[in-house]
Amino acid sequence: MREVEGDLGGESSAFRRGQMLYQAQHYKEAQHQFAEHMKEFPDDAICMAYLGLCLARQGRKKAATEVAQQAIKLDPECVFAHTSLATIYRMRRMVAEARTSVREALRLDPGRSDILGLSAFISCDQKKWAEALDLTAQGLTFDPRDENCLHARCWALINSGKAEEARGLLTEMLADSPEDSDAISFLGYAALRQGKREEALEAFTQALRADPENELARDGFLDALRMRYPFYGLIVRYLLWLSSLPNNIRWMLVVAEHFTEKFLRELAKRHPGLRPLISGLLFVWSIFSYLSFVARPVGNSLLRLSKYGRKILRADEVMESNLVSGSIFLGLASWGLYHYEGRVWELVGCIIYFTLVIPVTNMYSCSAGWPRKLMGGFALTLFTLGNLAIWGFYDSPLTGGSGADCIRLYGLLLMANQIVASQLEKVQAEG
Amino acid sequence: MSDDLISLLLSTLEEKPDNDRVRVQVVTQLLKARRYAEAVEHATPLRVTEHKGLAKLAGAHLANSQGELETARVLYKEAITSDRKLIDEQLETELEGVAKVPVSGLEDDKREEHENENRLRVTFAEIGGMEALKEKIRLNILYPLQKPEIYAAYGKKIGGGLLLYGPPGCGKTHLARATAGEIGANFYLLSLNEVLSMWIGESEKQLSNLFKTARDHAPSVIFIDEVDALGGKRSDMHSHHSRSMVSQFLIEMDGMVADNQKVMVLGATNMPWNVDSALRRPGRFDKVLFVPPPDKPAREQILSIHTKGRKIDSSVRLADIAAKTDHFSGADLAHLVELATERALSEALKSGNLRDITNHDFQAALKESKPSTMEWLRRAKNYVNFANQDGMYDDLDQYLEKARIR
């Protein structure tokens, strides 16, 4: 997303140098220049807001927030200070706060297409696609070529199932600026939504060539690569659809799934004739749900066999795929042993190791830093508890009988892990 | 209509970049449309053809549009000397009355003084390790100047600039100084601050003066630090001023104003991906070298420099510390020595007994230190993976593969 541009602050060569350095991505040096300017003009809110952005770009997001808030205190009517604060909040994944800041900016200057575009992006972060479309429509009336509005509009269209309309818009945008990496990525996502893997792959490759640091394109590229594996295409589309749903709808779906399962089991009890069909359905559904957890890391393990995939995966993705594959391997081994020997602890082992995949994937869905460390500790606790449960079920005089308690506690903590993860996913660790 | 014609010609040129006739058409139309910077860019390959006059004319127009009347006048003169058909009355009127370009150079004694000040004594011998890199610089910069006949015998072109890139704090400036020292050339450093001052002041003129001084005192090396700030992608630049500054830089590098023989231009950047691709065309920064974090011998040498004059216990083996500091930059190593020193110092302050900095202090400092280059290397990996079609990042790719960096 293009940043909302600031007006000229107080006239000083340090400020102008700072702006140039900021544009050239020399954030540390820019920060020094802005600080220099502030010595002469201590009340310059625009410069203070730039200082905040410099800090944020260097990973010091908490300090950046405070500086941007300070800028607003200096001049509550300064639009750039509000948009800067909104941008910093977005970087911290604090969407509600970002929304408040951008609303204030829009109140002060309702006719700015770039701010409307920023606001639309915040709506996209909240998966409020219809709202994002409204905002971009407003923004485009002020400036039909505004990059933020066009980008946010395309993303909202793709996620609200209007991939074809988005493609039309993107084709027009790319005719004007063929190197627009975000627009090319969106084209890739539109193709991915429509199951056109080759086309998506080509678009993502092109987007990455234009901007190799485009994370959106990189993720899409990996998804498109993984899609060559059986079932994965279906799961990618399911996950993309799921990720386009607002959080409350996703929770409602989980609850609905739970009650549907209960209803089906009851139905099977009352009508034994339907039992094979319902059991089959439930089995397929549970496999699909499970695959939605493991598909990405397992897909990564497979990608490591290819030269290209091996190069692209990050260290944390490799580690995740190692842990998930290891867990699945132990689960399969336990399952094999259970079939061979038929002992309870082997079945418990199978359940534990297969389900341990969930806290592992949850851990890596959180941002690096304290959220991931916390989830790592959680996963380790579950791993220990799970193994205690296996041991508890082993025919041993020392721990006999405690296995059932452990597995109950394991189940409870596994659910808690899901809830904590869903909250922590939104948190960005502070620099 | 003109824009349509230019677009058509540009697409034809893209298909047939070697067709001089089309190129001449493109440049002529761009000049008519007053798109001077683009005209200069497209005219560059014509400099070595019979149409070199047109290239000079484009340069003259650009210089004139930027208020660089002296430069414009010189270029225009060269253009019409080369081809009388290029006489442009409008331009001539605009340039009328402009003073002649002053003869540059200082008086002989002042000149000698200037050269002594700028000539560097540091050479490659003073840089530990990094042998492969030094050899590459020798091949690309030193030997062509020292043994031009051998290069000529093999039909290898001499000239052009060298762009050094790599993580911050890994000695790019030091290497550039040593390169100048090896050649025995005058060294002119253009730091980021100076570049920025140029943006604010009479940028084109200052840049032109710098090149002029370097030419007058050849052999010389102009070293531009953080070249991405000067030669950043013009598409990313918001102001016309920034774009014209880059265009002026291109004119100077191309030697359109004067011959750049024996003037080497070295650039350094931490963000090579932000450098305008126009800057990397033949004759400009056409050689690109990756400056990796210091290797083991270099680290040992850096450590010995930073520990010099400190109370170091005889049990401390710098070679062992160097072995444990893979990917550490020079700045990281300096910080490591500081941390170890602080440990010994704080104990001495508490106990009142002065003690040497021990191996134990270094081990503790190592636990607290991390190489700052990793973030850069991981970022750079994206460019290796996705934007290395022209092989610009091949040496970086090899380094990353060898170091198994993800």
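Residue numbers start from 1 in every chain, and the chains themselves are labelled A, B, ... in the order their sequence lines are given, proteins ahead of strands.
For CE of A:M319, the number of neighbouring non-hydrogen atoms (other residues, nucleotides, ligands) closer than 6.0 Å is 12 at most. Heavy-atom contacts from other residues, nucleotides or ligands closer than 6.0 Å to CD of B:E338 number more than 12. A:E202 CD: 12 or fewer foreign heavy atoms inside a 6.0 Å radius.
The contact between A:D211 and chain B is made entirely by side chain atoms (from C-beta outward), counting heavy-atom distances below 4.5 Å.
For the pair A:I312 and B:N385, the tightest heavy-atom approach, listed with the atom from each and the gap, is CA-ND2, 4.1 Å. Across A:E213 and B:Y383, no two heavy atoms sit closer than the pair OE2-OH, 2.5 Å. A pairwise comparison of heavy atoms in B:M271 and A:A24 identifies CE-O, 3.5 Å as the closest pair.
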field: Working for side chain to side chain contact (heavy atoms under 4.5 Å, CB included), residues A:E29 and B:E226
entry: CA-CA 11 Å; A:E29 292 86 354; B:E226 312 278 7; 4.3 Å; yes
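One side chain, B:D228 or A:H26, offers a donor N or O that lies under 3.5 Å from an acceptor on the other.
Considering CG of B:N382 and CD of A:E215, their distance stands at 7.0 Å, rounded to 0.5 Å.
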